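So the structure is just underneath, and the comments pick up after that.
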Amino acid sequence: MADAEEGRLERLTGMLKRRGIILPAFEIHGGAKGLYDFGPVGGRLRNKVNQAWLNHWISMGNIVELSCPTITPYAVLEASGHVGEFSDFMTNCNSCEEASRADTILEPHHPNPDSLTKSDLQQLLSDINPQCPACGASDWSPIVAQNLMFNTTIGAGKSGRPGFLRPETAQGMFTSFSSLYRHNRERLPFGAVQVGKGYRNEISPRQGMIRLREFNMAELEYFIDPEVNPEHDFSPWSSIQMNLLSETDGEITMSITDAVAKGIIRHPTVGLFMAKTFDFLTNIGIDSSKLRFRQHQSDEMAHYASDCWDVEILGSYGWVECVGIAHRGCYDLEAHEKATGKTLRARREFAQPKIVEIDGWTTDGATAGPAFRALAGAVKKAVEQLSSNCEFPTQVTLENGESVTVDLTHVKRVQRTETISGEWYIPHVVEPAFGIDRIIWHLLDHAYDESGKDGEEYVTLRLSESIAPVDYCVFPLFEKDGMGKLAKEIHRSLCSKFGTVSIYDASGSIGRRYARADEIGVPICITVDHQSLQDNTVTLRDRDSGKQSRISISEL
RNA sequence: GCGGAUAUGGUGAAGUGGUAUCAUAGGAGGUUUCCAACCUUUUGCCGGGGGUUCGACUCCCCCUAUCCGCACCA
């Protein structure tokens, strides 16, 4: 990176701190790695970005907002695969306090200890009781899962259950599937969104806002029927050329519309969310020339995913992944189904009901029960597999390999016609996942303009009006002669409007006040001057053009 | 986690074994009829903990944080 660029990064970081936008957290106690504050200006900025994001998706009409806990029971993240995929099992030597990976110290005693569950690993550790590689003792503390998730205990003492701070917001939306399904009148497609905190105990957070231990994320889970070919209207994006980095075609410039038509984007719904993500990011002020979609390589994707595109944004740290849009198949709902035994499915009605002739056998509980006792259940399963022309008595083989003789007194003929009107299936999910902090970083990076006027050093933060943290600054040209009083009245009246933030500033020269406002990206400055006292008008000064216009106070 | 560098007002920097200088910013007052002007005045700093020393911001050790490589990044 060029030296000039590095200097810019330092000046930008300094400005963000000085102006109360983004600051290292807990700094008076020495700070904490990977944790940042959004300050008096940044807090509002973050909130507006979150709101813009929520509104963007909820306006689709079939997407609802959820808010799930950040504290998550162990079982939930075990089902999702995070415990297994995301952890190392650690144990401490009780003699020398040295921490070791349980699978590593058991390697000589098991072909693949990495594949064991926690309890199996604990069992093996207790059985073998290997020597500590550091001190030679054989005294190990119980195995604990240690991974990128922050673990905690839900409840106190012996009744406490293990849990984690969530590493993503998605799982709460999967576990709420039944409620979502009912709310949406059992009709797909529908989606759920959630903005909130996620936590990952990164080994080494870096690059300021880019890798955090506690971060703001925003995820959308969009549930679809895999057998329905969606007909999305891509016409709004047909003439917008996007930068695509395709797995097969490399770097190309093409509209989303064409990329879906050509199959480069493998699923139309993934394409739709890519297009809508592009709209969102450019609407809030990301420079579209510094935005690209990068398709995951097949070996880079999770095994269950069929297509995944990252949105990468170019900023002071190079190209950074800020959004991931993944087709996750039925992986997540299926995983929670398996773990809980609950049904997480949607119903699909057939165009024509299927008529099924059932002709076979089942057991007669009154006779088979006493006859087979504990085996009766298995016998019933086996009998129901028999063909309709079976003759009794007959030998059936049970699940456990045992063979029993079943005669006619144990069974009943089943003959009926069933009409099956539909079937239950596990919906597929398309998941756009946004790193809000990274997006905010790039908004600031792209908006930060030091070009100034006449070559002087002058900073303007050219934030989009939709996310600017402060909407107005109100200045009296001078505080005397009643200008201060009138300006304060205007300021209070603006603040009382829902969702509007105004700053009153009477300190320093007018030029200095404009400069302060420009540095935090205030789009409009309102100045009360002598004429205001005569005719109740004020000047509006536009941040980006510097142009002034005069309007009546009542029109504000 | 490994290697290297760094840590001084809000920000950016200078400096010293005897408590600190500069620029800028902030507050108050004055001046000023619209883009960091000027005058007066004022506020505020040696990351934390140990050690050496009569005395440590300065030297040594540990910790924390920041930056740069490497490793890690579902």
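Chain letters run A, B, ... following the sequence lines, proteins first, then strands; residues in each count from 1. Nothing here was measured: the structure is a model prediction, and the numbers come from that model.
Taking every side-chain heavy atom of A:Lys480 into account, B:rU32 is the closest of B:rG27, B:rC35, B:rU32. Closest to the side chain of A:Phe478, from the set B:rC73, B:rC35, B:rU32, is B:rU32.
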Fill in the blank from the handout: Symbol by symbol from the 5' end, with Watson-Crick or G-U pairs under 3.5 Å, [ ] crossing and | another strand, RNA chain B is (((((((..((((....[..)))).(((((.......)))))....(((((..]....))))))))))))....
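Residue A:Glu321 is out of contact with every strand shown, counting any heavy-atom pair closer than 4.0 Å. At the heavy-atom level, A:Arg543 lies nowhere under 4.0 Å from the strands shown.
The side chain to side chain contact (heavy atoms under 4.5 Å, CB included) test with A:His442 is passed by exactly one of A:Leu314, A:Ile313, A:Asp287: A:Ile313. When each of A:Thr527, A:Asp529, A:Thr539 is checked for a side-chain hydrogen bond (donor to acceptor under 3.5 Å, both in side chains) with A:Arg550, only A:Asp529 meets the rule.
Between the side chains of A:Tyr458 and A:Asp518, a donor-acceptor pair is found at a separation under 3.5 Å. With no hydrogens or angles considered, a side-chain donor-acceptor pair links A:Asp307 and A:Gln295 at under 3.5 Å.
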Strictly under 3.5 Å: I want the nitrogen or oxygen pairs between protein and nucleotides 28-30 of chain B, one per line.
none

When you compare the protein's N or O atoms with those of nucleotides 62-66 of chain B, which come within less than 3.5 Å of each other, and at what distance?
| residue | atom | partner | partner atom | Å |
| --- | --- | --- | --- | --- |
| B:rU64 | O2' | A:Gly30 | O | 3.2 |
| B:rA65 | OP1 | A:Lys33 | N | 3.4 |
| B:rA65 | O4' | A:Gly30 | O | 3.3 |

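For the atom pair A:Leu463 CG and A:His446 NE2, the distance stands at 12.0 Å (nearest 0.5 Å).
Under 4.0 angstrom from either OP1 or OP2 of B:rA25 there lies at least one side-chain N or O belonging to A:Arg512.
Nucleotide B:rU19 carries a syn base; the chi torsion (O4'-C1'-N9-C4 or O4'-C1'-N1-C2) is within 90° of 0.
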